[in-house]
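Excluded from the calculations below are hydrogen atoms, water molecules and symmetry mates; all remaining heavy atoms, backbone and side chain alike, are included. So that the names make sense, note that chain A is the first sequence line, chain B the second, and so on, each numbered from 1.
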Amino acid sequence: MEMKQAKRVEITIEAPMENRLTDSLDRAGVTGYTILPVLGGSGRSGRWSREGQVSRAGGMVTIICIIRPERLDQLLEAAFGVVERHIGVVCVSDCQVLRAERF
Amino acid sequence: MEMKQAKRVEITIEAPMENRLTDSLDRAGVTGYTILPVLGGSGRSGRWSREGQVSRAGGMVTIICIIRPERLDQLLEAAFGVVERHIGVVCVSDCQVLRAERF
Amino acid sequence: MEMKQAKRVEITIEAPMENRLTDSLDRAGVTGYTILPVLGGSGRSGRWSREGQVSRAGGMVTIICIIRPERLDQLLEAAFGVVERHIGVVCVSDCQVLRAERF
Amino acid sequence: MRLKPRGNATVADTVLTLAATNLLSPIILFFALGLGAALVRSDLSVPEAAAKALSIYLLFAIGFKGGVSVASHGVDSTLLLSLVAGTVLSFAIPFAAFGLLRVMTQLGTIDAAAVAGHYGSISIVTFVAATSVLQSQGIASEGYMVAVAAAMEAPAILSALWIAARYSSPKEQADQAQDTKGLYREILLNGSIVLLLGSFAIGLISGPKGLADIESFIVSPFKGVLCLFLLDMGLVAGRGLRASAHQLRPGLILFGILMPVLGSLAGLAAALLIGLSPGGTVLLMTLSASASYIAVPAAMRVALPDANPAIYLTMSLGITFPFNLTVGIPLYLTMAQAFGG
Amino acid sequence: MRLKPRGNATVADTVLTLAATNLLSPIILFFALGLGAALVRSDLSVPEAAAKALSIYLLFAIGFKGGVSVASHGVDSTLLLSLVAGTVLSFAIPFAAFGLLRVMTQLGTIDAAAVAGHYGSISIVTFVAATSVLQSQGIASEGYMVAVAAAMEAPAILSALWIAARYSSPKEQADQAQDTKGLYREILLNGSIVLLLGSFAIGLISGPKGLADIESFIVSPFKGVLCLFLLDMGLVAGRGLRASAHQLRPGLILFGILMPVLGSLAGLAAALLIGLSPGGTVLLMTLSASASYIAVPAAMRVALPDANPAIYLTMSLGITFPFNLTVGIPLYLTMAQAFGG
Amino acid sequence: MRLKPRGNATVADTVLTLAATNLLSPIILFFALGLGAALVRSDLSVPEAAAKALSIYLLFAIGFKGGVSVASHGVDSTLLLSLVAGTVLSFAIPFAAFGLLRVMTQLGTIDAAAVAGHYGSISIVTFVAATSVLQSQGIASEGYMVAVAAAMEAPAILSALWIAARYSSPKEQADQAQDTKGLYREILLNGSIVLLLGSFAIGLISGPKGLADIESFIVSPFKGVLCLFLLDMGLVAGRGLRASAHQLRPGLILFGILMPVLGSLAGLAAALLIGLSPGGTVLLMTLSASASYIAVPAAMRVALPDANPAIYLTMSLGITFPFNLTVGIPLYLTMAQAFGG
Ligand SMILES: Nc1ncnc2c1ncn2[C@@H]1O[C@H](COP(=O)(O)O)[C@@H](O)[C@H]1O
Ligand SMILES: Nc1ncnc2c1ncn2[C@@H]1O[C@H](COP(=O)(O)O)[C@@H](O)[C@H]1O
Ligand SMILES: Nc1ncnc2c1ncn2[C@@H]1O[C@H](COP(=O)(O)O)[C@@H](O)[C@H]1O
Ligand code: NA
Ligand code: NA
Ligand code: NA
């Protein structure tokens with residue numbers, strides 16, 4: 001299988017910020033991403049869980065973005081502008097993709 | 001901790017294709033995988049979200065498969081046969097696993 | 001963007017063991033993690049799915065933990081103590097993080 | 001049913017009056033609320049699990065009540081005929097739809113085949129809405145129309161695939177054959193068909209005594225649940241329209257309004273032929289007029305992955321569904337009455 | 001209760017008649033629908049969140065109604081005795097079950113201990129089904145049987161662990177001790193026990209006035225919700241059977257049918273001893289006969305991870321649950337009547 | 001309303017009697033059950049999707065019923081005045097709350113502004129609980145108070161942001177301005193506001209005839225659903241308290257009890273000024289006294305990310321909500337009656 005090098009960016013961010021982040025990604029030309037639900041977690045601000053929650057306030061989502069290496073910086077800048085003052089985690093790893101023309 | 005090199009394959013595919021993909025993996029001898037729900041996403045075919053959806057048509061799932069490096073090609077071929085004509089993303093990265101005898 | 005090397009640990013474990021694992025991580029000083037829901041999967045003990053399940057027994061969760069490389073062993077030991085006799089998968093990969101001071 | 005309008009003017013009047021009443025029913029208003037909320041980008045949303053639960057409830061209730069109705073009124077000699085008529089309509093409508101699409105729009109063959117498949121199949125919520133209009137007008141209908149609805153879900157998919165294959169290259173045909181493997185099984189054992197028919201059968205077996213047991217779950221709260229479900233459908237339709245409005249050329253929009261009317265005429269002809277009651281006629285017309293938004297889209301994603309879902313989902317849920325809900329059903333009712341249904 | 005069958009033949013007749021009526025009740029038919037749908041691999045499914053919501057509703061309703069019933073009829077002198085009897089039964093049944101499993105099947109000790117634990121504990125839906133059969137027969141029962149049900153959930157787990165420990169190597173025992181840390185707390189504070197007992201207490205405090213407030217939520221729609229829940233249980237049981245049918249040796253299947261009958265006899269003896277009403281007797285028999293599918297499996301995953309869940313879940317949900325639902329409950333009812341309950 | 005207590009002692013008596021009755025209502029008891037279960041770390045939990053579905057149901061039902069009530073009783077001349085009064089209260093209360101927080105607690109300005117915003121906005125469940133107390137006392141109220149509730153949700157957020165900006169450095173102000181972009185739109189089109197107002201409008205249009213259609217969905221089961229929802233709120237509040245109890249200094253707790261009473265006084269004054277009915281007075285007092293736990297927290301996470309959510313969520317859901325539910329509402333009712341409301 002022909003594979004190509006890419007970057008996998010995983011951003012865990014508060015649910016109320018989701019649209020801001022994806023809008024910012026869109027503006028930066030990053031239109032491919034997948035959003036995963038998050039059940040709960042823990043961090044410097046303590047443990048939390050989505051169970052029984054009604055408000056979006058107390059939840060997070062994880063956004064996964066696979067992107068060509070050369071476009072990483074642009075993406076990170078867009079993401080950083082949004083997450084900067086908010087809680088959340090940005091983590092980048094190397095990966096390889098099939099059908100590289102899609103990215 | 002004794003760890004062993006492995007490959008982590010992450011396939012994001014349309015929900016109606018889920019069974020076809022896992023059947024194809026099974027046939028290729030890949031019996032270990034984990035299926036994560038996906039809330040929404042964006043790609044060349046635009047943004048989508050599972051909110052309020054009744055049909056499986058409009059949703060995707062992510063299948064994660066950890067596998068020995070030497071079996072990767074077999075897995076990718078099986079996966080590619082299914083995703084080939086469909087939308088979706090296949091992404092492979094290196095990882096290390098505990099309890100390597102399980103893979 | 002200034003990024004720092006880190007480890008991404010992904011542990012898929014049975015739902016009834018979730019609290020035991022996170023408590024054990026807490027005790028090992030690992031307070032940052034994110035818990036993702038799992039829809040279903042397959043392994044040596046066969047295929048399973050959360051659909052229609054009422055009991056926690058038949059489900060799994062995935063816990064993602066991003067951590068400084070030097071603290072990895074401590075985490076793995078804590079995790080291994082819990083998953084040792086249980087089904088589940090522990091997978092570690094390299095990654096880079098923004099805002100490294102948070103980890 | 002008491003007044004049979006004689007001329008066209010009167011028909012139009014009746015449609016308008018009916019439509020006006022209809023438009024102000026909570027069901028339609030909640031659909032409009034959802035649609036509006038999505039169009040202005042409110043974050044109002046129904047969780048996927050809740051939407052699925054609502055849909056399970058509706059299929060369960062409508063199937064069961066249909067079965068009980070057949071159990072109480074006995075099986076009409078037209079039951080089998082209706083099933084056959086429904087199946088034939090579902091098979092046939094996609095061909096008409098495909099032809100019309102090729103004339104009225106610039107869709108490619110694959111997209112046109114996929115859209116055509118949706119119009120041959122049915123929307124159970126449109127059916128339910130028609131039932132509730134009939135009820136409010138005091139018009140009875142055959143309980144087994146629920147089974148006809150179930151019978152009409154799948155055949156259209158086969159027609160769509162057949163059309164698509166006819167216009168495809170041999171390579172594409174091979175691909176499609178590959179994707180279609182196991183699809184027929186999946187379609188026939190589709191959750192909504194199984195639940196609808198299963199509940200129908202259980203209603204048939206349990207009869208009025210069974211209904212009495214669960215009446216306060218499936219009869220009295222039904223309309224309220226339907227309102228919530230339509231709120232959700234409005235939200236989904238609105239989101240779809242917002243995302244894909246630019247793909248809806250005038251030709252497509254026109255098709256989305258014309259096709260259900262044509263479909264309803266086919267349904268009317270079939271109903272007259274087999275001698276359905278006025279209520280049953282309206283229901284068969286509505287089924288023929290309605291377009292699928294659950295079973296067919298999922299099948300199309302599997303079998304015709306190159307067809308653009310934005311087009312067929314938006315047409316079905318964003319154009320034809322609201323048209324049927326607001327203007328269509330009153331129109332079909334009036335037509336059924338005018339043509340002596 | 002008016003007619004007490006005198007001989008065995010009559011008993012068999014009564015069971016059959018009752019079972020036949022029972023088999024055609026919507027509750028059973030929806031379970032069968034789910035089972036069938038899963039076995040033919042339909043994609044019909046209930047979202048996890050909806051299934052959990054249904055289960056919360058049932059526990060809430062059954063607990064509350066039990067509490068109100070105690071509030072209206074006063075506390076019987078047998079309340080405490082019943083609680084003790086239930087607890088003892090839950091502790092004791094796993095030992096009998098384990099012995100039987102060792103004789104009838106080739107399960108290893110760990111698997112046998114895990115399965116045995118399930119049969120000591122209870123299935124609240126089986127309890128609810130028995131209640132609804134009693135109701136349809138116009139037989140009253142003690143409201144506090146709900147509390148007895150709650151009391152019977154956990155003790156069996158301890159027995160299972162104790163049995164497993166007895167047959168384990170010291171190394172395994174150390175491992176189990178490690179896993180079991182905090183488990184007792186978890187079991188006692190298990191969501192279903194807390195909700196059932198909590199609702200019971202609230203029903204007790206609120207009394208008939210409280211019930212009047214929420215009657216149209218927890219009484220009238222109850223049966224309908226139960227049908228949906230059983231549809232889901234059928235789906236889950238069917239999926240389990242499909243996946244693990246090959247592990248169900250004849251011995252295991254036989255055990256899954258024999259054990260509930262034996263359990264019901266133990267329940268009958270206890271009921272006669274403490275003087276429960278006929279309805280209460282049937283319920284205690286049903287509780288003893290039923291096998292857990294929520295609390296015990298989760299505890300076993302934690303404490304006996306080497307026990308194979310495919311076996312205990314399939315036996316409990318795929319064999320014993322449908323047996324109790326269809327044949328068991330009518331049988332227990334007839335036995336209770338025959339033995340002067 | 002027949003007996004108007006004359007002195008303070010009598011007021012206290014009435015409050016206590018009312019509170020005592022109130023405390024034993026299933027609604028409160030289920031909240032307590034959830035709270036207790038979470039505090040002892042039971043794994044009882046309501047799935048997120050189910051909790052959201054319950055909340056959608058409540059907004060749908062309360063909005064619709066409010067609209068129908070206005071449709072049947074006509075629009076009072078005080079409708080507009082009430083809307084204005086609500087909006088002004090929502091704008092104003094955060095300033096008072098902020099001042100009080102600065103005096104009574106050691107919260108920083110950002111945290112204090114965020115908490116203050118919550119107290120200006122409203123909790124719809126507290127409103128519903130007050131409605132049901134009024135109902136059980138046979139006291140009528142204006143149907144449009146639902147619209148007033150919706151009007152009071154958002155203004156407080158603006159006040160909180162304005163306060164925060166006043167005390168921030170220019171750099172922080174720039175950051176906040178950045179985060180606030182698009183926020184006003186989001187707040188106004190917040191799902192709960194849209195659903196509440198939308199249902200209100202639909203109820204207004206459909207009137208009593210529409211209500212008759214869906215009565216057995218939104219009226220009769222309402223209290224039961226409310227019990228389940230309060231169980232969930234108890235669970236969430238309990239989890240919050242367990243996690244953040246250490247951050248609740250006595251000053252904060254005192255504020256969480258004092259502030260609603262002060263808020264209710266502001267509501268009382270406004271109600272007397274515009275001449276609301278006694279029932280309407282109690283509702284305006286309750287709205288003023290209640291603190292948001294849905295819309296405001298989400299807005300604060302976006303606009304004031306440095307404010308600690310553990311503080312404002314715990315205060316709102318863990319202190320003020322239970323206070324209002326148990327003691328507050330009876331107190332406001334008694335005060336309204338004492339002050340000739
Ligand atoms: N080291 C980490 N690994 C994975 N997820 C994390 C980590 N730290 C924080 N998170 C996630 O981010 C959320 C907010 O983190 P914090 O800002 O530290 O409270 C947590 O609740 C977790 O869901
Ligand atoms: N670059 C990407 N990174 C992550 N997920 C993606 C990416 N591209 C596509 N996806 C996912 O795959 C779906 C289909 O993509 P597409 O075929 O481009 O429309 C999207 O809706 C996303 O959920
Ligand atoms: N190779 C794998 N890759 C990803 N997930 C796995 C793998 N093996 C097992 N799992 C997950 O772990 C669960 C238990 O595995 P097992 O112990 O092999 O039955 C499976 O049901 C999967 O959800
Ligand atoms: Na049709
Ligand atoms: Na038992
Ligand atoms: Na307030």
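- Counting non-hydrogen atoms of neighbouring residues, nucleotides and ligands closer than 6.0 angstrom, the CG atom of Leu80(F) reaches no more than 12 such neighbours.
- The two residues Cys227(D) and Phe60(F) make their nearest non-hydrogen contact at CB-CZ, 3.8 Å.
- For Val225(D), the parts sitting under 4.5 Å from any heavy atom of chain F are the backbone and the side chain alike.
- Within the 4.5 angstrom heavy-atom criterion, no atom of Ser192(F) approaches chain D.
- Contact detail for Ala50(D) and Ala53(F): the closest heavy-atom pair is CB-CB, 3.9 Å.
- In terms of heavy-atom pairs under 4.5 Å with chain D, the best-connected choice from Ile56(F), Leu188(F), Ile193(F) is Ile56(F).
- Proximity to chain F (any heavy atom under 4.5 Å) is shown, for Leu54(D), by neither the backbone nor the side chain.
- Residue Ile218(F): no heavy atom, backbone or side chain, is found under 4.5 Å from chain D.
- Residue contact with chain F, scored on non-hydrogen atoms closer than 4.5 Å, is absent for Phe222(D).
- Put simply, of Pro26(D), Gly34(D), Ser25(D), the one with the most heavy-atom pairs under 4.5 Å next to chain F is Pro26(D).
- If you tally non-hydrogen atom pairs under 4.5 Å between each of Leu195(F), Leu189(F), Ile202(F) and chain D, the highest count goes to Ile202(F).
- From Asp213(F), atom CG reaches atom OG of Ser220(D) across 12.5 Å, with rounding to the nearest 0.5 Å.
- Considering every non-hydrogen atom in both Leu33(D) and Ser199(F), the closest pair reads CD2-N, 4.1 Å.
- The shortest heavy-atom contact between Asp43(D) and Gly191(F) is OD1-N, 2.6 Å.
- Nearest heavy-atom pair across Arg185(F) and Val40(D) is NH2-O, 2.9 Å.
- For Leu29(D), the parts sitting under 4.5 Å from any heavy atom of chain F are the backbone and the side chain alike.
- The part of Ser45(D) that comes within reach of chain F is its backbone (N, CA, C, O), which places non-hydrogen atoms under 4.5 angstrom from that chain.
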